[in-house]
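To keep things clear, I will list the structure first and then write my remarks on it.
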Amino acid sequence: MDVYEAVASRRAVRAFTDRPVPRETLKRVLSAAAWAPSGSNIQPWHTYVVTGAPLAELKKRAGERLASGDPWDTPEYQMYPPELKSPYRERRSAFGEQRYGALGIAREDLEARQRAAAANWDCFGAPAALFCYIDKGMGSPQWADVGMYLQSIMLLLRAEGLHSCAQMSWAKYHKSVAEVLSPPDGLVLFCGMSIGHEDVTAGDARIGRAPLDETVTFVDGL
């Protein structure tokens with residue numbers, strides 16, 4: 001698979017089979033992803049790969065909290081600005097319409113939307129998950145470095161015939177994740193990532209992108 005194919009085929013998959021992902025495959029992906037760029041090569045990511053019983057325990061704890069109505073943990077970072085301006089607001093709204101529309105869920109059916117969202121904390125059935133932390137003292141450029149690292153992982157997973165779904169939603173239960181993973185003090189859970197083989201019977205829809213002239217300006221004198 002060449003780079004263009006990996007980029008074009010990468011998407012947030014939200015339905016996985018229980019087929020195991022070999023550790024050697026994950027080690028190969030993460031070893032290659034370590035070459036992702038970072039300012040002054042500080043490599044600000046701290047990654048945990050979870051499978052088997054520990055992942056089952058994480059899913060169980062998150063599911064129990066969700067079922068009991070336990071509130072989300074105090075946020076450690078702001079996921080979105082309090083008020084998204086145009087065109088970002090419209091893009092986010094369009095995502096919701098496409099995502100839930102593909103599931104046959106009406107905009108006003110909040111209960112069904114909540115049920116669909118709950119699948120986040122089961123990793124959409126994936127047998128492997130990654131949890132990425134960053135030091136609390138890092139700034140915006142280092143968060144960007146982590147993003148490039150995670151994108152590298154997702155593209156390398158495609159080269160291995162695997163799919164993924166990056167999930168900031170796990171940060172809402174960062175205390176439960178920490179209970180299982182025991183990360184050092186001073187780290188912030190940025191996101192989780194579900195990893196596995198896509199369940200092609202689920203009919204998961206791909207979300208579109210803005211046209212090029214809406215996001216890119218060429219300045220070349222032509």
Side-chain angles (χ1 to χ4, degrees), residues 1-23 25-26 29-30 33 48-67 72 79-80 91-132 150-173 176-177 190-210:
M1 181 181 294
D2 69 19
V3 177
Y4 279 91
E5 186 179 355
V7 171
S9 63
R10 188 222 62 83
R11 58 190 176 86
V13 165
R14 295 181 175 87
F16 295 87
T17 70
D18 60 1
R19 178 180 169 188
V21 178
R23 174 179 284 202
T25 300
L26 295 171
V29 164
L30 291 164
Y48 292 77
V49 178
V50 190
T51 59
L55 181 57
E57 179 64 20
L58 255 179
K59 292 179 178 182
K60 175 176 173 290
R61 293 186 183 214
E64 288 175 347
R65 288 186 63 178
L66 191 67
W72 289 334
M79 292 186 181
Y80 301 100
R91 290 175 188 163
R92 189 181 186 191
S93 178
F95 162 77
E97 290 179 5
Q98 292 180 64
R99 161 79 177 130
Y100 295 111
L103 297 174
I105 298 174
R107 184 181 184 87
E108 63 276 7
D109 193 344
L110 297 181
E111 184 177 341
R113 286 190 171 216
Q114 289 172 345
R115 285 198 303 271
N120 271 286
W121 295 288
D122 185 48
C123 292
F124 303 107
L130 174 156
F131 294 88
C132 188
L150 293 170
Q151 172 76 336
S152 297
I153 290 173
M154 290 186 281
L155 296 181
L156 288 161
L157 288 169
R158 290 300 303 123
E160 297 285 352
L162 296 165
H163 275 285
S164 61
C165 183
Q167 301 161 266
M168 288 191 295
S169 55
W170 273 105
K172 298 178 184 296
Y173 286 146
S176 295
V177 177
F190 173 40
C191 71
M193 182 189 294
S194 298
I195 298 171
H197 296 271
E198 180 185 11
D199 179 358
V200 296
T201 67
D204 202 14
R206 180 166 192 177
I207 306 301
R209 295 294 187 266

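In what follows, every heavy atom counts, from backbone to side chain, and hydrogens, waters and symmetry copies are set aside.
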For this session: May I ask you to decide if T25's main-chain N or O and E160's side chain share a donor-acceptor pair within less than 3.5 Å?
Result: no
Exercise. Is there a donor-acceptor pair under 3.5 Å between the side chain of K172 and the backbone N or O of W72?
Worked result: no
Problem set entry | Value rounded to 0.5 Å, distance of CZ in R91 from CZ in R209 | 10.5 Å
For this session: Could you grab the distance from atom CZ of R10 to atom CG of L155, nearest 0.5 Å is fine?
Result: 7.5 Å
Exercise. Which value, rounded to the nearest 0.5 Å, describes the distance between W121 atom CH2 and K59 atom NZ?
Worked result: 14.5 Å
Problem set entry | Spacing of L26 atom CG and T51 atom OG1 [to the nearest 0.5 Å] | 8.0 Å
Seminar exercise, completed: For I195 and F16, the nearest pair of non-hydrogen atoms, with its separation, is C-CE2, 4.1 Å
Exercise. Is the side chain of S194 donor-acceptor paired with the backbone N or O of C123 at a distance under 3.5 Å, no angle test?
Worked result: yes
For this session: Could you tell me which non-hydrogen atom of S9 sits nearest to which non-hydrogen atom of R158, and how far apart they are?
Result: OG-NE, 3.0 Å
Problem set entry | S164 versus M154, closest heavy-atom pair with distance | OG-CG, 3.3 Å
Exercise. For F190, does its backbone N or O pair with a side-chain atom of W170 as donor and acceptor, under 3.5 Å?
Worked result: no
Seminar exercise, completed: Smallest heavy-atom separation, R14 atom then C165 atom, equals CG-SG, 4.2 Å
Seminar exercise, completed: All heavy atoms of V13 vs all of F124, minimum pair found to be O-CD1, 4.2 Å
Problem set entry | Nearest-0.5 Å distance that lies between atom CE in M193 and atom CZ in F131 | 11.0 Å
Exercise. Just wondering, do I153 and L30 contact through their side chains at under 4.5 Å, heavy atoms?
Worked result: yes
For this session: For L130 and L150, run side chain to side chain contact (heavy atoms under 4.5 Å, CB included): C-alpha distance rounded to whole Å, both residues' side-chain angles, the deciding distance at 0.1 Å, then the answer.
Result: CA-CA 10 Å; L130 174 156; L150 293 170; 4.1 Å; yes
For this session: Indicate whether the side chain of R61 and that of S176 have a donor and an acceptor atom separated by less than 3.5 Å.
Result: no
Problem set entry | Whether R23 side chain and V21 backbone form a donor-acceptor pair below 3.5 Å | no
Seminar exercise, completed: Heavy-atom nearest pair, L66 first then A118, reads CD2-CB, 3.2 Å
Exercise. If you measure only the distance, is there a donor-acceptor pair under 3.5 Å linking the side chains of E198 and T17?
Worked result: no
